[in-house]
Amino acid sequence: MHAAGGRSRTFPPEGPATASVSGMMRGMMGGCMGMHGINGRAYDMRRIDEEVRLGDVEIWEVSGEMMVHPFHFHGVHFEVLSRNGAAPGLRDQGLRDTVVAQEPVELLVRFAHPAVATPFMYHCHILEPEDNGMMGQFVVR
C-alpha cells in the first residue's frame, strides 16, 4: 500500500537483453518472437493481466532498464507522482495517458471507466517492442 493510493503494481518491461529464456520460449510457441514482454510475459490476447475495481486509485510503477520506453495506457488518465524517487518535473505535470520512462516512474492512476467485455490495454508506444509482446490488458469492474 502507498500513502497516496491503494494497491501498488509494477510493470518492468523486458527486451532482448533482459527477457528470460522461459518467457522467450513461451512467446515463440505462441507465434510471437517473444523478445519483449512486461512482468516476464509476452502479450497474450487470451489473458487478462490485471483486474481493477471501478473507482479505485492505485500506484503503478513503470520503468525501462535497457532503453527508454514511452508507456501508453488505454481508458485511464494518471498523474506522475515521482521519477526515480524525485518530484516530477515540468514535463510530467498534469493528467496524462502516456509517460516516457527509463528510470522508475510512479503513477497515480484513477479507474473511472469500466472495461469488462473489452479490456483496456497498456503497452510500449514504440512499434517493434509492442508488436513483439511488450503489452498487456486489464479489466475494470
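These numbers come from a predicted model, not from an experiment.
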Distance col, row Ser63:OG vs Gln102:CD, nearest 0.5 angstrom, shows 9.5 Å
Roughly how far, to the nearest 0.5 Å, is the CZ atom of Phe78 from the CG atom of Leu95? 9.5 Å
Closest approach of Gln137 to Met45 (non-hydrogen atoms, all atoms of both residues): NE2-O, 2.9 Å
Would a single hydrophobic cluster contain both Val62 and Val100, if residues Ile, Leu, Val, Met, Phe, Trp and Tyr are joined by side-chain heavy-atom contacts under 4.5 Å? no
Are the side chain of His72 and the backbone N or O of Tyr122 linked by a donor-acceptor pair below 3.5 Å? no
What distance do His77 atom NE2 and Thr98 atom OG1 have between them, rounded to the nearest 0.5 Å? 9.0 Å
Any side-chain hydrogen bond (donor to acceptor under 3.5 Å, both in side chains) involving residues 79-91? Give me the pairs, sequence neighbours left out, ordered by first then second residue. Glu79-Arg110, Ser82-Glu106, Arg83-Asp92, Arg83-Glu103
To the nearest 0.5 Å, tell me how far Ile59 CD1 sits from Thr10 OG1. 12.5 Å
Would His74 and His123 count as having a side-chain donor-acceptor pair, cut-off 3.5 Å? yes
If you round to the nearest 0.5 Å, how far is CD1 of Ile126 from NE2 of His36? 9.0 Å
Checking Asp56 side chain against Val52 main chain: does a donor-acceptor pair fall under 3.5 Å? no
Run the salt-bridge test on Asp49 and Arg41 with the 4.0 Å N-O cut-off and return the result as yes or no. yes
CA sep, side-chain torsions, deciding dist, call: Tyr43, Asn132, side-chain contact (heavy atoms from CB on, under 4.5 Å): CA-CA 8 Å; Tyr43 175 68; Asn132 284 307; over 6 Å; no
Closest non-hydrogen contact found for Pro119 with Ala117 is CD-O, 3.8 Å
For Val99 and Val80, what are the C-alpha separation, side-chain angles and deciding distance, and is it a side-chain contact (heavy atoms from CB on, under 4.5 Å)? CA-CA 8 Å; Val99 65; Val80 175; 4.1 Å; yes
Separation between CD1 of Ile38 and CE of Met135, rounded to the nearest 0.5 Å: 9.0 Å
Take Glu130 and His125, measure what side-chain contact (heavy atoms from CB on, under 4.5 Å) needs, and give me the verdict at the end. CA-CA 7 Å; Glu130 174 192 5; His125 232 238; 5.7 Å; no
Is it possible for you to say whether Leu54 and Phe138 belong to one hydrophobic cluster, with membership spreading through side-chain heavy-atom contacts below 4.5 Å? yes
Should Glu128 and Met134 count as side-chain neighbours, where that means a heavy-atom distance under 4.5 Å? no
Relative to each other, are the rings of Phe111 and Trp60 parallel, tilted or perpendicular (30° and 60° limits)? tilted
Glu61 side chain vs Phe11 backbone, donor-acceptor pair below 3.5 Å: no
Indicate yes or no for a side-chain donor-acceptor contact from Glu50 to the backbone of Val139 under 3.5 Å, with no hydrogens or angles considered. no
